[in-house]
> 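Quick one: the structure is below, questions incoming.
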Amino acid sequence: MSQVLLDVRDLVVEFPTRKGLVQAVSGVSFELRRGETLALVGESGCGKSTTARAVMQLPRPTSGHISLEGDDLVAAGKRDLRRLRRRFQMIFQNPIASLNPRKRISEIIEKPLKIAGLLDAEKRRQAVEELLETVGLDPAVAMDKRPHEFSGGQCQRISIARALILEPDLLICDEPVSALDVSIQAQILNLLEDMKQRYDLTMLFISHDLAVVRNVADRVAVMYLGRFCEVGTSERLFDNPAHPYTRALLSAIPVPDPTVTPKPIEMIQGDLPSPISPPSGCRFRTRCPVASDRCAAEVPQMRDLPDGRAVACHHPLIGG
Amino acid sequence: MAAPLLELTNVSTHFHSPAGRVRAVDGVSVSLEAGQTLGLVGESGSGKSVLARTIMGLLPSYAEIPEGSAITFDGHNLLTMDRKARRAISGPGIGMIFQDPMTSLNPVMKIGQQVYEGMRHHFGTSKAAGRERAIELLTEVGIPQPDVRVDQFPHQLSGGMRQRVAIAIALACEPKLLIADEPTTALDVTVQSGILDLLQREQRDRGMTLILITHDLGVVAGRCDQVAVMYAGGIVETGSTRSLFARTRMRYTQALLDSIPRLDRPPHERLKSIGGRPPNLITPPPGCRFAPRCAFADAKCEAGIPPMQADEADSTHRFACWHPRDPEQATEEVA
Amino acid sequence: MADPTTNRPLHPLRPTLSRFRRMRPTTGKSGQFGIAFWLPLAWLILISFAAIFAPWIGIQDPDSLDFINLQAPPNDAHVLGTDHLGRDVLARVIYGARVSLVVGFCAPVVGMLLGLPIGMIAGYFGGRVDGFIVGCIDTFLAVPGLVLLLLFSLIFGGSLLVVTVSLGLLFIPIFSRISRAATLSFKSSEFVLAARTIGANDFNILVRELLPNVVLPVLAFGLVAVAGAIVVEGALSFLGLSVPAPHPSWGGMIAGGREHLEESPHISVFPAIVMFLTVLSFNLVGDTLRSRFADVREAAI
Amino acid sequence: MRYVLKRVRRLLVVIFAVTLFTFLLVNVLPGDVAYDIAGQDASEEEVQAIRADLGLDRPVMVRYVEWLGDFVQGDWGRSFRTDEPVVEAILSRFPVSLELMLVAQVFALILAVPFGIIAAYRAGRTTDRAIATAGFMSLSIPSFMAAILLILVVSLNLGWLPTSEYEPLSAGLWANLRAFILPALAIAMAEWVILMRVLRADMIGVLQQDYISLARSKGLPVWHVILRHALKPASFSMITVLGLQIGNLVGGSIIIESIFALPGVGRLLINAIYARDFIVVQGVVVFIAFAYVLVNFIVDLLYAVLDPRIRTERTDG
């Protein structure tokens, strides 16, 4: 097995809000091996993006350890962190908003090099041109334009170029295709797959779309209200969910096939509980069809199932 | 065969802009019988929402509907009616649900009032009776504690609940036709299926006609009788849902279906993406609008607009393509 | 209303249609400015030209007294007539423009140079820094601007420099509010986050990422501020607290004609008209440019 | 409630800062009142005596603390010139300023609301542009110029509303009100445009919202949609601006009060400034600042009444 690149232990992120302290991420642990793609899935408010940003140290997490091949990111000082940032980069959900509207494309992409103090102007320009070509844009046309002259898909290509110019080890993708149309989405997903091969990337992929996740991920972690429900390889998890929430999510996805009648989802309808005062015990219990008294009393711990995945549930759907 | 409830004949909607005339909707013809559900599918910019607003009469002032367009609803031409008669149709005739429930409810008006306001205007219902009816409707759309919620403001509800309120508002005047414009796009996937189930139930129970606008072919597949696929302002393929999915003819429809990542495919499978991007609607390509992105396009496609033609097996299945896909053949190589 | 080809009077459009919004027809053809821009601009150029070259364009001495023609209505010798001391109104209006234009341009610049960084720092760093700056601005705003100006001019005496600088100080709160609001709106946008992920420091983000975006709305307000500064200077000189007499200024001339409104309204009315046209022109030109900037920004975001 | 307390605390801090700021401005900066009182021929000893008499020879912070102590007890000092207690001087003139500002804002609102609505509804069209142009012209007439023009045209040329003396309310409502019509118009001349433009901008934004489309899709008449659905959410910014303008009630009417000879606080202030009667200036400035902060505080609370989103958020918190 390849070595661990990113190790996250007991990550907690809290935000003060007007109504009280919100714990957006409550003790999440995972590791990411070199060359692997781990997807975090869940619905809005589950803490998946917060987790990704905590890994980016934007903002710094409340507690927990995050180490990138032995370098502790949480403990790193400002200066060290800035140096370490070269090795982990991020692309964002909104491709247009993530590019400064007042800057030229060439300035946007070369900025990481400039800040890192790498290469001279001529070499930087060359690097930008090569990378633009790699992500499928014509450098001659694109270099001197500004972001608003491009479509969403093209802007996402530019974002990818900016993230890759420092040749990072880890690429964090925060909902990179959810703002894009289906036909463009496929282009970007294919491009990410190509870049992963070419630059030997390890990816942390955040998405609410399970079909997209199925396509890109080696392993998947399902999140609900700040905690992991289930982590496993994408085949096992999708073909045979162990956590009732995973099953509910999967059953809710509409299938583009008229011969499949949509089934009612296996989850109690209702609102997401308030993250300020989450339910005791298992956080999913208020909407879980198989919840018992034990679920209210006792927080389910992550445990390994025989098939190699981990689930946090008192009544898993398989492997008891 | 009964006369259709809604019939669009050669409907176009153009926007005036300094850069030129934007042909947001261009020559759309489609008809819908009472009690049917039509799925209107397309990517952003395909004109599906503009078409909905054209039917509903909600276009901005710089829009123009060119001569020759006709929208017949229940025997009336909506485009030539006087304003007052047209308003009498909005509500009891046609109701609408919008995409984002966070912005489609008035933030400073009580939920109950928003529900019964239409009834008061059209039927002269009293306030007390309207409030009673609003509570009934809120119960019907699955809102817990409707007698409390009726006096609350929208921000006190979650997104899914607000969309249920929006449905109650649309249902209040018992419309014959309900247009739902991407009703679940802004919602989480587990909430989405609840809303779609509700819409489907109401449609069936009330014998209502429903137009479901979405970008998600999956949503359409399980819940619509008919599908119309839009691309760059026009309908490129329409037919019964079963036939359209089983015997896809138009190259764009097929490309769209192919580009969707699917749960039943293995991980890391290369997706069949569509190259390029949708055309500029100020100066659209002269021929087939999909031609610049189509793997099967040739000189003919670039020169002339393909006419609508019927599928051999099902005459209600119509499509606009010079080189339609052979539905009997499983996969095809690029010609 | 039976013609389906006419624009239906159905107004609102929704956010998803907003991509069409910037295509809304504007006055004239695209890329061109209408007459509501060129005419005021021409006036501004004319008045600036006259003010700059006042000594060389063959007008009379604004301070020379013509005792034969006291309060003379417009005539051949005095195109706009004379005031109660027999001074040429045209000459005084043109020399008065020097004061108005200098104060009008310089005061907003002073306000902008100080207000912009203050607002950006408050918006960017937030927390206590923001609380302190906003508190100071609130305090400053609670004292009426005209009162402050009056105090300043009493304490330091009325001179062009004092008026310009103190008026400039008054513009600080407005400019810092605008730049603070703009900074706040851009601060949490993803491109700033992206800059952080590549290790940019606060200074770099403020100057390279935020400033180019914040400066646009601030500049757009600048021309409107010029109009405002001319008005306030006019009010000050009307009260006799701007540049000292007998130096001509528009407000002072309007005030000077007050006593003779009934028999010689031209003494007040001509400077009033010139001042009105100048303020109007700055407002119109500023508004056109501002909506143009806003369009650019809207298209860019 | 916690929200209100927080606002009150903030209000007190600003008031305190204003008193300090004003006191320092008036006392530290050059220009000594003792010389003025003593007159030009006074000897240095006489001046020193006056300074000692007024307590001006002590350190400024000591004087500030003393003044603040008296101030909170309601003793704002006496005018150097007239010996009138400052508090009484202000309170006796305040109703005039208040009435002037209220009448002016009523005029401004009468113009701003209908024109703002029409301009927003016809945004980009001829009507909108006509209103915008008229607004720009009106905005470009400074209030002192408007005052002169109104006197010239309305009083002198047309002979209506001769520039009349101020009469107290006891002299009859019309006699009292007519003195305010021209001055209020002069103030409203620019202010209605500001209100109108704020309302128009917000109204355009609101009219683009989906909830307006939803209201229209119910088949409601346009006027109903505008008045019942759009006006309330579109008027929040306008109310803020209105609050700022009313809060600025004295600062905005100093010149107008002196042109029309209205015995308001503004005239008191300007006369005190000319007379270098700094104890009065100080009192009036603090009073004005207090009024300004207080009105803004009230507007903030008003928001909570008007906007249910804020109301529940704040009671929840």
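Values reported hereafter were calculated over all heavy atoms of this structure, with side chains retained and with hydrogens, waters and symmetry mates removed.
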> Would you say D:K218 and B:C173 make side-chain contact, with heavy atoms under 4.5 Å?
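Result no, sub-4.5 Å side-chain heavy-atom pair not found.
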
> Between B:N106 and D:Y211, what is the shortest heavy-atom contact and its length?
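Heavy atoms of B:N106 and D:Y211 come nearest at N-CB, 3.4 Å.
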
> With side-chain contact (heavy atoms from CB on, under 4.5 Å) as the test, would you mind laying out the steps for B:V108 and D:L306 before giving the verdict?
CA-CA 8 Å; B:V108 298; D:L306 288 175; over 6 Å; no

> In Å, rounded to the nearest 0.5 Å, how long is the span from CE of B:M56 to CG of D:L214?
9.0 Å

> Under 4.5 Å between any side-chain heavy atoms of B:S90 and D:R216, yes or no?
no

> Write down the atom of B:R53, the atom of D:S213, and the distance for their closest heavy-atom approach.
NH1-OG, 3.2 Å

> Measure from the side-chain N and O atoms of B:H121 to the backbone N and O of D:G219, and report whether any donor-acceptor pair falls under 3.5 Å.
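Side chain of B:H121 to backbone of D:G219: a pair is present.
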
> If you count every heavy atom of other residues, nucleotides or ligands that lies below 6.0 Å from D:F297 atom CZ, does the total exceed 12?
yes

> Kindly compute the distance separating CG (D:D307) from NE2 (B:H155), expressed to the nearest 0.5 Å.
8.0 Å

> Using non-hydrogen atoms only, which part of B:Q152 is less than 4.5 Å away from chain D: side chain, backbone, both, or neither?
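When you check distances to chain D, no heavy atom of B:Q152 falls under 4.5 Å.
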
> What residue in B:I169, B:I97, B:I179 has the most heavy-atom pairs under 4.5 Å with chain D?
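The residue among B:I169, B:I97, B:I179 with the greatest pair count is B:I169.
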
> Closest approach of B:T103 and D:Q209, non-hydrogen atoms and distance?
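Closest pair (atom of B:T103, atom of D:Q209, distance): CB-OE1, 3.9 Å.
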
> Side chain, backbone, both or neither: which part of B:I94 has an atom under 4.5 Å from a heavy atom of chain D?
backbone

> Could you tell me which of B:M109, B:Q113, B:E117, B:K110 has the largest number of non-hydrogen atom pairs under 4.5 Å with chain D?
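Heavy-atom pairs under 4.5 Å are most numerous for B:E117.
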
> Would you give the length of the straight line joining atom CD1 of B:I55 to atom OG of D:S217, rounded to the nearest 0.5 angstrom?
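One gets 13.0 Å once the value is rounded to the nearest 0.5 Å.
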
> For chain D, which candidate among B:P92, B:G118, B:P107 shows the most heavy-atom pairs at distances under 4.5 Å?
B:P107

> Assess whether atom CZ of B:R206 is packed by more than 12 heavy atoms of other residues, nucleotides or ligands within 6.0 Å.
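Count over threshold, so yes.
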
> Please set out all donor-acceptor pairs under 3.5 angstrom arising from side-chain atoms of residues 193-205 of chain D, sequence neighbours excluded.
{"unit_1": "D:R200", "atom_1": "NE", "unit_2": "D:D128", "atom_2": "OD1", "d": "2.9"}
{"unit_1": "D:R200", "atom_1": "NH2", "unit_2": "D:D128", "atom_2": "OD2", "d": "2.8"}
{"unit_1": "D:D202", "atom_1": "OD2", "unit_2": "D:S237", "atom_2": "OG", "d": "2.5"}

